[in-house]
> 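Here's a structure for you.
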Amino acid sequence: MGISALNADDVKVSEFGAIPDAKTDNTSAIQSAIDKCTTTGGGEVFFDKKGVYLSATINLKDNVIINIPQGTTLKGLKTSAYKKALIVADGVKNIGVIGKGTINGTGKDWFENKDGKIKPISPRPFLLRFNNSKNIKVEDVFMTAPAGWTFHLYACEDVFITRIKLHGHANYNNDGLDIMGKNIIISDCHIDSFDDAIVIKNLDPKYQVENITITNCILRSCASALKIGTETRGSFKNIVVSNCVIGEPSECNYFYEYRKGFAERFGISPKRLNAGGIVLTTVDGGQLENVKISGITMSDVQVPICIRVGHRNRGNSPDINSGARNIIISDIIAKSESWIASSISSIPNHQLENVSIKNCMFLLKAGASSEMLDTAMTEKINENPKNVPGPKVFGRILPASAFYIRHANNVEIGNVTIQYWNGTEKRPPFFADDVSNLKIKNCLYEKSKSETFAKILENCKGTIIEGNTEIQK
C-alpha cells in the first residue's frame, strides 16, 4: 500500500504531551504519537504547535509520516537515549518526513576534551537513518547540524527525496546524503555539507545498488560533491545524474588538508576544499556499470572528474577484483582550482572500460613550478591500489593537465574544450598509459608548452587522435 493510499486518522503530538518550549524532553510523547498512529492504520504525526521540540531518538513505524511545519524545529537532545540517529526507521514501510520545518541534530554538542584537545565524540548519531525500509518520502524539510552523517539510507527501496535543504557543518564527517538502495529519486535539493554532499555506497557484497536518479540539485561540499564510494563491497547499476550545480560550500571550519600540506603539494587555491566534482570509484570488490552524468556546471572544485578502480578490498572476503564499465559523462562546464588533472584510472588485472567524456568545457589551473612539473613528467607514478580512492590517490600531480588515463579500455573523449588560467601550462592535456582503444577527437585546446597534445606511451594500442584544433588567440 502506497503512502498516498493511507486512509486513517492523523494525530497531533500535543495530544500526547509534547511541548515546544526548547526545554522539555519530548521523546516519549512523540514516540507515543507515532505508536498510536501506526496501530490505528497510519497517517500523519503532526507537530501542531510552533516552537522547538527537544527529543532523543524516535523510531518511525509502518504507515507513519512525520509532518514538521514551517516555524517548528525537532531538535536532538544530547542524552544516552540519542543514539543511532534522531529519526530511525528499521524494517518498516510507507513512511515519510515532510513539512517546511527544521530538523536539528545539535552536532556541535558532540565534542569532548581528550588529552587536552577538543575532539569529536565517536560514535556520533546521524540525523536520519533508515534501514531495510520501503516506500519512503522525504520532502521540503531543512536538515541542519548533524553530529555524524546527515541522512543515511541502508538497503532501502522506492525512495523519493525532493526539495530538502541540508546544511551539515557542525562536526566532522558531516556527509549530506549517503545512499544505498534501489529505485531512488532525488530531485530539487540544496545540499551544503562538510563531507561528501551526495555519496552512493554499498557495504554488502550480496546487495546491488541500482536505479538511482539525481536531478536539479545544488551540491556544495568540502570533500566530493557527487561520489560513488568509498565503501564499494557490493555492486552498482543504472545511475543517472542530470542538471546539477556544484560549488564551494558555505563554510569549512576544519582546514585539515592545509595542515597536511596538501595545498602546496597540489597547488590548491586558498580555501578551495571542494576536492572533487564527480568522483566515481570502486575499490572493495564491487562492480560499477551503466552510469550517465550530464548537464553539470561546477566551480571552485579542485578536480572536475575522477574515475578510479582500485584494490583496497576493505570488508570483503575472499579477495575480489573491482571493476567499472559503461560510463558516459557529458555536457560539463568546470573550472578547476588545483594542478591535479582529472583521471580515468585502474590498476593491472582490473576492468575499466567503455568510458565516454563528451561535449565538455574545462578551465584548468596552470602555474606549477618547473621543478614540480619535471617530477610529474619523469618520475614513475605508483599504482597505490589500496589508497583511499579520489583525486589525490597518486599523492602527486600528474603528467597531464586535463586527463590522465591508465589501465583502461575503450575510452573516448570528444568535443572537449581545454583552456588554462593562472599562467602557462607545460604539460600535455592528455597522458595515456596502458590504454587500449583510446579516441581523442574534435577537441579545442589552448596550446601548452608541451611538445605534444597527447602523450601516448608505447604500451597503448588502437589509439585514434584526430580533428583536434588549437585555439587561436
Side-chain angles (χ1 to χ4, degrees), residues 3-4 6 10-13 18 20 22 26-27 30-31 33-34 37 43-61 63-77 82 84-89 92 94-107 125-130 133 135-153 156 158-170 174-179 181 184-193 197-198 214-220 250:
I3 291 176
S4 60
L6 296 177
D10 300 335
V11 300
K12 300 176 181 178
V13 295
N26 294 291
T27 310
I30 296 170
Q31 191 63 58
I34 292 170
C37 189
E44 288 188 7
V45 170
F46 187 64
F47 287 70
D48 52 304
K49 295 182 179 180
K50 292 184 179 181
V52 178
Y53 293 84
L54 294 183
S55 177
T57 299
I58 56 175
N59 293 275
L60 276 175
K61 302 293 181 67
N63 305 324
V64 174
I65 297 174
I66 291 177
N67 188 330
I68 305 172
Q70 190 168 5
T72 301
T73 296
L74 175 63
K75 189 173 184 179
L77 180 63
Y82 184 14
K84 294 180 180 179
L86 183 53
I87 302 176
V88 170
V92 295
N94 305 330
I95 59 171
V97 180
I98 65 172
K100 295 184 178 181
T102 298
I103 304 174
N104 186 320
T106 59
F126 299 169
L127 212 56
L128 275 65
R129 192 169 192 172
F130 295 173
S133 297
N135 202 11
I136 299 166
K137 176 171 68 173
V138 180
E139 294 181 350
D140 297 315
V141 291
F142 174 44
M143 303 182 194
T144 188
W149 295 353
T150 308
F151 186 2
H152 183 209
L153 294 169
C156 291
D158 302 321
V159 181
F160 301 87
I161 301 171
T162 184
R163 297 186 304 275
I164 69 168
K165 186 176 180 182
L166 187 156
H167 185 269
H169 292 281
N174 284 162
D175 287 4
L177 297 180
D178 287 74
I179 306 299
I184 298 173
I185 296 175
I186 301 168
S187 69
D188 306 288
C189 298
H190 185 175
I191 299 172
D192 185 343
S193 60
I198 294 181
I214 302 167
T215 189
N216 300 340
C217 293
I218 298 173
L219 306 177
R220 304 177 183 274
S250 61

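If you're wondering where the values come from, they're calculated on a predicted model, not measured in any experiment. Count residues from 1 along the sequence.
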> Just how far is it from atom CD1 of Ile87 to atom CD1 of Ile103, taken to the nearest 0.5 Å?
4.0 Å
> Is the NZ atom of Lys75 crowded by more than 12 outside heavy atoms at less than 6.0 Å?
no
> Nearest 0.5 Å, what's the CD1-CG distance between Ile68 and Asp140?
11.5 Å
> Would a 4.5 Å heavy-atom cut-off, applied to side chains only, mark Val97 and Met143 as touching?
no
> Could you give me the CA-CA distance, side-chain angles and deciding distance for Phe130 and Val159, then say whether side chain to side chain contact (heavy atoms under 4.5 Å, CB included) is met?
CA-CA 11 Å; Phe130 295 173; Val159 181; over 6 Å; no
> Hey, are the side chains of Ile186 and Ile179 touching, using non-hydrogen atoms and a 4.5 Å cut-off?
yes
> If you compare all heavy atoms of Cys156 against all heavy atoms of Ile184, which two are closest, and at what distance to 0.1 Å?
O-CD1, 4.4 Å
> Side-chain donor-acceptor pair under 3.5 Å between His169 and Asn174, yes or no?
no
> Can you tell me how far CD1 of Ile198 sits from CG of Leu177, rounded to the nearest 0.5 angstrom?
5.0 Å
> Does the side chain of Asn104 reach to within under 4.5 Å of the side chain of Val52, using non-hydrogen atoms?
no
> Calculate, to the nearest 0.5 Å, the distance between atoms CG and NE2 belonging to Asp188 and His190 respectively.
13.0 Å
> Where do Ile65 and Lys137 land on the side chain to side chain contact (heavy atoms under 4.5 Å, CB included) test, with the steps shown first?
CA-CA 8 Å; Ile65 297 174; Lys137 176 171 68 173; 4.3 Å; yes
> Do His152 and Asp175 touch side chain to side chain, with heavy atoms closer than 4.5 Å?
no
> Taking atom types as modelled, find out whether Asn63 and Asn94 have a side-chain donor-acceptor pair closer than 3.5 angstrom.
yes
> Strictly distance-based, threshold 3.5 Å: is any side-chain N or O of Ser133 a donor or acceptor partner for the main-chain N or O of Val92?
yes
> Does the side chain of Asp178 reach to within under 4.5 Å of the side chain of Phe126, using non-hydrogen atoms?
no
> Do Phe142 and His167 come within less than 4.5 Å of each other through their side chains, counting heavy atoms only?
yes
> Which pair of non-hydrogen atoms, one from Arg163 and one from Cys189, has the smallest distance, and what is that distance?
N-SG, 3.8 Å
> Less than 3.5 Å apart, any donor N or O on the side chain of Thr215 or Ser187 sitting next to an acceptor on the other?
no
> Could you measure the distance from the OG1 atom of Thr72 to the CG atom of Asp48? Nearest 0.5 Å is fine.
8.5 Å
> Within the 4.5 Å heavy-atom criterion, are Ile66 and Phe47 side-chain neighbours or not?
yes
> Look at the side chain of Gln31 and the backbone N and O of Asn59, then say whether any donor-acceptor pair between them is shorter than 3.5 Å.
yes
> For Ala33 versus Val13, what's the shortest heavy-atom pair and its separation?
CB-CG1, 4.2 Å
> For Ala18 versus Pro20, what's the shortest heavy-atom pair and its separation?
O-CD, 4.1 Å
> Taking all heavy atoms of Ala145 and all of Ala170, pick out the closest pair and write down the distance.
CA-CB, 3.6 Å
> Return the minimal non-hydrogen interatomic distance between Gly99 and Asn67, and the atom names on each side.
CA-OD1, 3.9 Å
> Are any of the side-chain heavy atoms of Ser55 and Leu74 separated by less than 4.5 Å?
yes
> Measuring from atom CG of Leu86 to atom OG1 of Thr27, what distance do you get when rounded to the nearest 0.5 angstrom?
8.5 Å
> Can a donor-acceptor pair be found, under 3.5 Å and without considering hydrogens, that links the side chain of Asp192 to the backbone of Ser250?
yes
